[in-house]
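Reckoned from all heavy atoms, side chains included, excluding hydrogens, waters and symmetry mates. To find a chain, count down the sequence lines: A is the first, B the second, and so on, and within it residues start at 1. Quick caveat, the model's predicted, so the values are computed rather than measured.
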Amino acid sequence: MSEWKFTIKEIAEKPELFMSGHRACAGCVPATVHRLVLKAARGPVIATHATGCIEVSSTIYPYTAWKIPWIHTAFENAAANASGIEAALRVLQRKGKIKNEHVDVIAFAGDGGTYDIGIQALSGAVERGHDFLYVLYDNEAYMNTGIQRSGGTPHGAWTTTSPAGKLIPGKPQFKKPIAEIMVAHEIPYVATASPYYWKDLITKVRKGLEVEGPAFLHIIAPCPRGWRFPSEKGIEISRIIVETCMFPLWEAIDEEYKLSPPSKAIALKPEKKKPVKEYLKIQGRFRHLFTLEHEHVIEELQRIIDKRWKRLLKKCGIA
Amino acid sequence: MTVVEQKVLAMSGDEAVAYAVKQSDVDVVAAYPITPQTIIVEKFSEYVHNGEVDTEFICVESEHSALTACLTAAAVGARAFTATASAGLALMHEILYVTSGCRAPVVMAVANRALSAPINIHCDHSDTMVERDSGWIQIYAENSQEAYDSIIQAFRIAEHPDILLPVMVGLDGFFLSHTLENVRILPDETVKGFLGNRKFPLVRNHEGKLVPFRLAPENPITIGPLDLYDYYFEHKRQQEEAMRRASEIIKQVHGEYANVGGRQYGDGLIETYHLEDAEIATICLGSTAGTVKTVVDELRSKGIKAGLLRIRTFRPLPVKEITVALKNVKAVGVMDRACSFGGFGGPVFHEIRHILYDAPVHPHVVNYIYGLGGRDMSYILINQIYRDLERILETNRVEKKVQFIGLRE
Ligand SMILES: Cc1ncc(C[n+]2csc(CCOP(=O)(O)OP(=O)(O)O)c2C)c(N)n1
Ligand code: SF4
Ligand SMILES: [Mg+2]
């Protein structure tokens, strides 16, 4: 795969395919993520979306933020949407019923639509080998319905269904390693990305589009509303989550794991790895952990981050 | 047009459906196995693997995804088909509404089967009856021949630019799906010519441009947006209008098909059997009508004025046609192969009594719930119903408005 090279100017000059005017909250990083993803388009694209915050806020009839053909059907089936689109394009082109040009298919879904209710459709679609890119924008809870926990919510986090109670301080379980689950499907391209490292993100989107067969991109997408941080902090948080190795950046091409530059730098200089506390303290959803009685949750979280980081380094052939 | 010459093949209902799909130049099939529909998927897989069709066959991981994939394929412009039964249809429930709401002309065969629990693989109509409000046109076939004919007609109806609604064709599980029958098959070219290519009506997009209603990069449109109290209601109203228009289109397509195929099922909406001068009549859907016709013949030979009304198209409900057909009948026995727990009788009964409320003369209308979980609807039981209706006629009295028949009580 020869890597696509681009300049800021080129990206800035590319037409906006996800337009402004949508109704996402101020500082909504998921919305920024959608815009960035579509900046990597290499030609015609058809997009589909699972039910969730961005689907809802970008298509309030009779308005739409989408400059490309777009369809939403339900919450749990983004990958099935993509399957139908991709199959239809293939056969209609073969039969000469539509223009014979390559059309990329992108499915967008949130963490709820991916880790939880949508994992069956996702697993099925990639097993069948449809040629599409699945973009998980992970804001770590069901934001559209008012901040409920998902399989992607981190340990200890407050949500409305994992409240910071006296007995149970936030979410007891750990975040499901979804991207690794996708690698285990033996698909040609899986990667993680953060909008702070936007060049890395756009490059990965392009790679995901270029491979033949299914590609999966896991993008961390902080939500000021649900994570309880000021609306201007989203991109900074997108950086610190990488610096703490809570969300390392990597890609797996044909199951070969490789750290991406920001995480590689930490792997080479471990003293650069920040403690998770630095990430937690800037978000209201972890505030309850900064008390004597719940401090152990932070330690537990640190332990799991370290364990997973070690496992990743091993997979990447480091250490 | 003259009726074309046709070959006769011995096929089960499922095979007849698969054959009709094969001839309909379907672009995408996405389906999941479930008894008694499985033969359709299996047969179609053979066509695909032997290169007999040019179709993308998506072996999905669930019925939910099967219908989803058909929906989005249809949105791109494909002719799409799926098939299911019972639990599979129930799993599709959410997407049934989404399909009709997105105005995606998907065609589906349902091999009618009971719903769990307890689990049961045999015929009744609970699976499709519960979906009667989902915005799908519903056609119930009496035999495998009709299943074959109806599938071909269904594509024409669904894709009609004035309709754009999905169509489900019900065939009774096992009674039709698995039973060998002689089926007359139209030549491939005839079916091809009858269906033609999909046409796309023009719709106004968000930029005010008139564009074909399909997902195409040259004319981007947004399908399935968030639609709140300011527009949703109008969109639902449009669906209802399309349903109303569908009655005429179903008749028209059925008539055109009769011209080439030589087969007619009443007017396409309802079929009457000795109903013109009947005093007592039953109403039913699907394969039961075959046995009822035999009973009616016998009763007629004894001078009893018995008749039958078979509802072929249950959605849209042929209100006018049913009213006219029943105008001389004095006692009507509605047969329901489904139960509406806690309701006043079964779903077909609800509709018929409701329709007859406006009739100038009200006949007696009683309900017989029968055949759940594949329990046989025997000749004896049907006779019993007509005897019951005769008694009602003689005494002018109804003892039980709703009864369950053919079971241990
Ligand atoms: C079958 C079904 N169950 C529940 C819902 C309600 N619902 C809509 S969006 C949503 C959560 C979406 O969460 P996520 O996928 O993380 O996207 P986000 O809103 O956070 O961007 C839920 C629970 C639904 N629409 N459909
Ligand atoms: S709740 Fe979060 S994800 Fe949803 S629009 Fe607001 S900031 Fe974006
Ligand atoms: Mg979310």
Under a 4.5 Å heavy-atom cutoff, which of [options] has the most pairs with chain B?
{"options": "A:Pro44, A:Gly124, A:Ala87", "value": "A:Ala87"}
{"options": "A:Glu86, A:Lys99, A:Lys97, A:Glu55", "value": "A:Lys97"}
{"options": "A:Leu92, A:Val103, A:Ile60", "value": "A:Leu92"}
{"options": "A:Thr48, A:Ile98, A:Ile71, A:Thr51", "value": "A:Ile71"}
{"options": "A:Thr64, A:Thr59, A:Leu89", "value": "A:Thr59"}

Short side-chain to backbone donor-acceptor contact, A:Lys175 and A:Thr153, under 3.5 Å
no

Counting only N and O atoms by type, is there a donor-acceptor contact under 3.5 Å from the side chain of B:Asp27 to the main-chain atoms of B:Arg79?
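Yes, because the side chain of B:Asp27 sits within donor-acceptor range (under 3.5 Å) of the backbone of B:Arg79.
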
Using non-hydrogen atoms only, which part of [X] is less than 4.5 Å away from chain B: side chain, backbone, both, or neither?
{"X": "A:Ile46", "answer": "side chain"}
{"X": "A:His130", "answer": "side chain"}
{"X": "A:Glu101", "answer": "side chain"}
{"X": "A:Val56", "answer": "both"}
{"X": "A:Ile68", "answer": "backbone"}

Tell me whether B:Lys22 forms a cation-pi arrangement with B:Tyr19, defined as NZ or CZ under 6.0 Å from the six-membered ring centre and within 45 degrees of its axis.
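Positive - B:Lys22 is close enough to the ring of B:Tyr19 and near enough to its axis.
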
Is the cationic atom of A:Lys176 (NZ for Lys, CZ for Arg) positioned less than 6.0 Å from the six-membered ring centroid of A:Tyr115 and within 45 degrees of its normal?
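Ring-cation test returns no.
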
Once you measure the plane-to-plane angle for [X] and [Y], does it fall in the parallel (<30°), tilted (30-60°) or perpendicular (>60°) bin?
{"X": "A:His34", "Y": "A:Tyr137", "value": "perpendicular"}
{"X": "A:Phe75", "Y": "A:Tyr142", "value": "perpendicular"}
{"X": "B:Phe44", "Y": "B:Tyr47", "value": "perpendicular"}
{"X": "A:Trp66", "Y": "A:Phe18", "value": "perpendicular"}

Which portion of [X] sits near chain A, non-hydrogen atoms under 4.5 angstrom:
{"X": "B:Val29", "result": "neither"}
{"X": "B:Leu71", "result": "side chain"}
{"X": "B:Asp25", "result": "both"}
{"X": "B:Arg214", "result": "side chain"}
{"X": "B:Ala75", "result": "side chain"}
{"X": "B:Ala74", "result": "neither"}
{"X": "B:Leu67", "result": "neither"}

Chain A: which of [options] shares the most heavy-atom pairs with it under 4.5 Å?
{"options": "B:Asn205, B:Leu228, B:Val98, B:Leu215", "result": "B:Leu215"}
{"options": "B:Asp54, B:Asp227, B:Val76", "result": "B:Asp54"}
{"options": "B:Gly224, B:Ala216, B:Ala80", "result": "B:Gly224"}
{"options": "B:Thr99, B:Thr55, B:Ile58", "result": "B:Ile58"}
{"options": "B:Ala30, B:Cys59, B:Cys102, B:Gly101", "result": "B:Cys59"}

Side-chain donor-acceptor pair under 3.5 Å between A:Glu127 and A:His185, yes or no?
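No, A:His185 and A:Glu127 have no side-chain donor paired with an acceptor closer than 3.5 Å.
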
Compute whether any side-chain donor of one residue and acceptor of the other, for A:Asn81 and A:Thr73, lie under 3.5 angstrom apart.
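Yes, side-chain donor-acceptor contact under 3.5 Å.
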
Between A:Tyr61 and B:His235, ring centroids under 6.0 Å
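A:Tyr61 vs B:His235: aromatic centres under 6.0 Å.
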
Search all heavy atoms of A:Pro69 against all heavy atoms of A:Val45 and return the closest pair with its distance.
CD-O, 3.3 Å

B:Thr38 to B:Pro33 - nearest heavy-atom pair and separation
CG2-CB, 3.8 Å

